[in-house]
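What's counted below: heavy atoms across the whole structure, side chains too, no hydrogens, waters or symmetry copies.
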Amino acid sequence: MSNKIKTTVGSHRIELTNLEKALFPGISKGELIRYYLKIAPVMLPHIKDRPLSFQRFPDGINAEGFYQKQAPSAYPEWIKRIPLGVKDIVDYASADSAADLVYFAQQAVIVIHTSLARADKPHNPDLLVFDLDPPADDFGMVKKTALQMRALLEGLDLKCYVKLTGSRGVHLAVPLDRSWDFGLVNSFADRVAGLYQRKHPDETTVEISKAKRGNRIFIDTNRNHFAQTAVAPYSVRAREGAPVAAPITWGELSNADIKPAQFNIENIFDLLANRADPWADIYRHGLPLKRAEGLLQSLENSEKS
DNA sequence: GTGTGCC
DNA sequence: GGCACACAACGCTGG
DNA sequence: CCAGCG
Ligand SMILES: [Mn+2]
Ligand SMILES: [Mn+2]
């Protein structure tokens, strides 16, 4: 009656239950599991070797969900754990095969978050992320800010990649060589965001307090810390229609019709059929921030005149 | 969603 | 077997 | 310390 089946993914047997249960209006748990199985080859390079955190919704996105950081003791031994923590040690789950993703989806994991650092050097991020959050559903303002932030970052001789978050905004990602720790990377990010914000005070803010943001884009640099996380590329979001966080090209962002929740567990495969993952090479382009910091200093100095 | 303790 | 129940986050920021 | 935030 409870609709159990066993399946094999790679070398692992996994029991799947309640495949017909709706986790989103009109979208079943079976469809979620199928998505993670199918996206695995493209997604795994982005989450491999990173501590993962999850948002789980066993009774669907319109019921109560919860966050999970500590990997449950009941996980099979083939799911690797990454022990990390600021105060107490948490054994984070990790994923290096499609079987891991299928197992997580069976547990009603809908959203996957990752650290911006890999497990072998957990205090030194290989990505710097600027999270651009619009006050309402004004994506036009987000696009403009993203393009100008990219120009600023490229002016500092850095690379900048973009993904739609699948909810309301975008993430800009700057690949790093891991020579700086989170403390240094975060203060660099704060200075870049601050410089941009002072140039565009009516369109953007760096205020955490929602009350102080007004009708402006929040440039959020607070993901760039040890044990903080950002939604993973190709993660599903817990929203109607099962949208996904989608890496896109800068050309695609400029498209007049683009929307932040444009891609979902079905149509993301049409996009990937027509072109490769735009982030496929991101980790080959990690750069140091040392020289960028010098260039940033010059820009800050020339503000004063 | 899953492991446990208990009738 | 089947039911009730517990349990599944945390670190940073500004005031 | 606490409330707010993601
Ligand atoms: Mn955001
Ligand atoms: Mn900071």
Original post:
Heavy atoms under 4.0 Å, any strand shown: does A:Asp220 hit a base, just sugar-phosphate, or nothing?
Top reply: sugar-phosphate

**OP:** State whether the number of non-hydrogen atoms from other residues, nucleotides or ligands found under 6.0 Å of A:Asn215 atom CG is greater than 12.
**Re:** no

**OP:** Can you tell me the distance, in whole Å, between the CD atom of A:Glu64 and the P atom of C:dA8?
**Re:** 14 Å

**OP:** Verify the neighbour count for atom CZ of A:Arg13: are there more than 12 heavy atoms of other residues, nucleotides or ligands below 6.0 Å?
**Re:** yes

Original post:
Distance check: side-chain N/O of A:Gln228 vs OP1/OP2 of D:dG6, anything under 4.0 Å?
Top reply: no

**OP:** Indicate yes or no: does A:Arg50 engage A:Asp120 in a salt bridge with an N to O separation below 4.0 Å.
**Re:** no

Subject >> Phosphate OP1/OP2 of C:dG14: any A:Lys212 side-chain N/O under 4.0 Å >> reply: no

Original post:
Can you tell me how far C1' in B:dT4 sits from the matching atom in C:dA8, rounded to whole Å?
Top reply: 15 Å

**OP:** Give the rounded distance in Å between these two atoms: NE2 of A:His225 and C1' of D:dG6.
**Re:** 12 Å

Original post:
Between C:dC10, D:dC5, B:dG1, which nucleotide gets closest to the side-chain atoms of A:Ile208?
Top reply: D:dC5

**OP:** For nucleotides D:dG4 and C:dA9, find the distance between their C1' atoms and express it as a whole number of Å.
**Re:** 16 Å

Subject >> NZ/NE/NH1/NH2 to OD/OE distance under 4.0 Å, A:Arg291 and A:Asp157 >> reply: yes

**OP:** Count the heavy atoms belonging to other residues, nucleotides or ligands that lie under 6.0 Å from CD of A:Glu15, then report whether that count exceeds 12.
**Re:** yes

**OP:** Tell me which nucleotide among B:dG1, D:dG6, C:dG11 gets nearest to the side chain of A:Gln107.
**Re:** B:dG1

**OP:** Report yes if at least one side-chain N or O of A:Arg213 is closer than 4.0 Å to OP1 or OP2 of D:dG4; otherwise report no.
**Re:** no

Original post:
Which listed nucleotide (C:dT13, D:dG6, B:dG3) is nearest to the side chain of A:Asp131?
Top reply: D:dG6

Original post:
In whole Å, what is the span from the CZ atom of A:Phe66 to the P atom of D:dG6?
Top reply: 22 Å

Subject >> Whichever of A:Glu207 and A:Arg223 has its nearest DNA chain C nucleotide further upstream toward 5' >> reply: A:Arg223

Subject >> Proximal nucleotide (of B:dG1, C:dG11, B:dT2) relative to the A:Arg56 side chain >> reply: B:dG1

Subject >> For atom CD of A:Gln70 and atom P of C:dA8, their distance in whole Å >> reply: 9 Å

Original post:
To the nearest Å, how far apart are A:Asp88 CG and C:dA8 P?
Top reply: 13 Å

**OP:** Evaluate whether atom NZ of A:Lys80 has more than 12 neighbouring non-hydrogen atoms of other residues, nucleotides or ligands under 6.0 angstrom away.
**Re:** no

Original post:
Quick one: A:Asp59 CG to C:dA8 P, roughly how many Å, whole number?
Top reply: 17 Å

**OP:** Kindly point out which of D:dG6, B:dT2, C:dA9 is positioned nearest to the side chain of A:Tyr67?
**Re:** C:dA9

Original post:
For A:Lys69 and C:dG11, is the shortest distance between a side-chain N/O and OP1 or OP2 below 4.0 Å?
Top reply: no

Subject >> Residue-phosphate contact under 4.0 Å: A:Asn18 side-chain N/O, B:dG1 OP1/OP2 >> reply: yes

**OP:** Check the distance between C:dG11's P and A:His123's NE2 and give it to me in whole angstrom.
**Re:** 12 Å

**OP:** Could you state the atom-to-atom distance from CD of A:Gln68 to C1' of B:dT2 in whole Å?
**Re:** 11 Å

Original post:
Among the nucleotides B:dG3, C:dC10, B:dG1, which one has an atom lying closest to any side-chain atom of A:Pro58?
Top reply: B:dG1

Original post:
Are A:Gln106 and B:dT2 close enough that a side-chain N or O sits under 4.0 Å from OP1 or OP2?
Top reply: yes

Original post:
With both distances under 3.5 Å as the test, what is the Watson-Crick or G-U wobble partner of B:dT2?
Top reply: C:dA6

